[in-house]
Amino acid sequence: MCQHALSRRSFFHRMAMGSLAGGSILDLAWRRAAWAQAMVPSAPTDLFEIQSVTEGVYFAFARPQAVGNCNAAIFINSADVLVVDAHSKPSAAAGLIAQIKQQVTTKPVRYLVDTHFHWDHSQGNAGYRDAFGKDLKIIASDTTKKLQAQFSQTRLRESLDPHGHPFAGQPHIPVLLEAARQQLSATGSPEQKAQIADRIRQLETFQREMQDFAPMLPTVTFGKTYVIKDKAHDLHVEFHGRAHTAGDVVVFCPQKRVVATGDMILGTLPFLGDSFPREWPKTIDSVAKLAFDHVAGGHGAVQHGRQRMTSQRNYIEDLATRVEAGKKAGQSLSEIQKSMPVASIKALQADGYGDVVRGGRDESAMQAAVNTNIEHVFNRLGQR
Ligand SMILES: [Zn+2]
Ligand SMILES: [Zn+2]
């Protein structure tokens, strides 16, 4: 995206110089056509499904990709826009910027909030900076900025290195590419071939784009609260305690009764690899005191109401309590995992929560995913 923007700028420069120097009518017609061509946005405009949450608030639901993106929440202010979370790469951010312009508003994005430091929420920051320049504020907690500076680049490098050891939940691109290439040569079905070829193309594009990645860090940070007062509504960016990471924030709009929660409260099985499992439920309890009707999470569908949030809170508390008890009794990780089949976890059985977060998994895949959650809780309990 950065390179593209530069080449476009120099193209305009050349065009301006050319017209100053004069030229034939034919030249001018050719230049106009070329100019129009240069204005065609090259960013993909099918990565997100834009949904209306309530008046002036939108949800960009991330469609599945070989390298996933997070959802975004979009708040339309009187003269500008605030977007929550920035996806896995700058070109995905550029894609959403193009979609906002086509489908929602031509007002510029003036505020970008990184709810936390994870790769799929912050690696696209530069896409916003390229599009909106220095007027753009990138907002996060002090802790999130620190964690981005510490981990973003090193974790990404591991995920691009064929011999690397990527952090849990981060895709190991060369291994995924190799597997996809083998699948491609093994399949005979033209339809499957096309799907796998598209997957390979997406993985290669990500690999190329992120090769020289350097994180674009937040430009505005805070400890507890950052408030934007706008004619349209107020937006409160708030830290309520440690949860999915040490630095998660939510964006709460009291007038529109919407809260955007990143991966702290979401529509898929939570990821606990950087979490504070004992504190997370208490942090959700604190967020729950806010007056909202809609929850826009970092993954999965938007939630109208609070049932899924409460179920997720109870699920994390169930896991933390039982894993802690097992550890105190001297049980190993695998003993604890064996003692916790999916059917024994109350929160997964109540109010349809298990089905909400199943995400197309069969029984054994669901147990494997829960076992990963148990392993992360096991490793993270007692973290300072
Ligand atoms: Zn995350
Ligand atoms: Zn995420």
Side-chain angles (χ1 to χ4, degrees), residues 47-48 59-73 83-90 92-93 96 112-125 127 138-141 143-156 158-159 166-172 206 210 215 218 237 239-251 259-277 279-280 283-284 287 295-303 308-309 312-313 315-316 319 356-357 359 369 372-373 375-377 379-380 383:
L47 296 180
F48 299 91
F59 183 65
F61 175 75
R63 294 195 172 110
Q65 289 284 298
V67 183
N69 290 303
C70 66
N71 301 325
V83 175
V84 183
D85 281 333
H87 324 302
S88 58
K89 53 183 180 175
L96 181 58
L112 171 67
V113 177
D114 289 346
T115 57
H116 63 292
F117 77 100
H118 280 159
W119 64 282
D120 54 328
H121 296 254
S122 64
Q123 283 180 181
N125 283 357
I138 306 176
I139 305 165
S141 66
T143 307
T144 286
K145 183 178 180 178
K146 221 178 287 167
L147 291 169
Q148 262 187 57
Q150 192 178 349
F151 291 117
S152 293
Q153 201 155 15
T154 48
R155 284 189 181 181
L156 178 72
E158 291 291 325
S159 80
F167 186 75
Q170 203 144 345
H172 199 182
F206 181 84
M210 300 309 283
V237 191
F239 175 78
H240 282 257
R242 301 193 297 186
H244 171 70
T245 70
D248 307 88
V249 297
V250 299
V251 180
V259 66
T261 50
D263 292 355
M264 182 206 294
I265 304 166
L266 75 181
T268 56
L269 211 57
F271 173 75
L272 289 114
D274 280 315
S275 74
F276 295 85
E279 294 163 52
W280 193 339
T283 303
I284 294 179
V287 172
V295 183
H299 302 278
V302 73
Q303 168 86 5
R308 191 185 69 196
M309 173 187 75
Q312 185 199 318
R313 180 223 173 272
Y315 172 67
I316 295 164
L319 287 192
V356 169
V357 296
T372 301
N373 277 172
E375 181 185 352
H376 289 154
V377 172
N379 294 333
R380 295 292 301 175
Q383 282 283 334

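For the single chain, residues carry numbers from 1 onward in sequence order. Being a predicted model, the structure only gives us computed values, none of them experimental. Whatever order the structure lists them in is the order used to number ligands and atoms, beginning at 1.
The aromatic ring centres of His87 and Phe48 sit less than 6.0 Å apart.
Counting only heavy atoms from C-beta outward, the side chains of Trp119 and Met210 never approach each other to under 4.5 Å.
Here CG of Asp263 is found 7.0 Å from OG1 of Thr268. Values are rounded to the nearest 0.5 Å.
Draw a line from the Zn ion (ligand 1) to ND1 of His118 and another to NE2 of His244, and the angle between them is 90° (to 10°).
At a cut-off of 2.8 Å, Cys70 is not counted among the residues with an N, O or S atom near the Zn ion (ligand 2). The Zn ion (ligand 2) lies under 2.8 Å from an N, O or S atom belonging to His121.
Counting only N and O atoms by type, the side chains of His121 and Asp85 include a donor and acceptor under 3.5 Å apart. Asp274 and His116 share no donor-acceptor pair across their side chains, judged by distance under 3.5 Å alone.
Nearest N/O/S atom of Asp263 with respect to the Zn ion (ligand 1) is recorded as OD2. When you scan the N, O or S atoms of Asp120 for the one nearest the Zn ion (ligand 2), you land on OD2.
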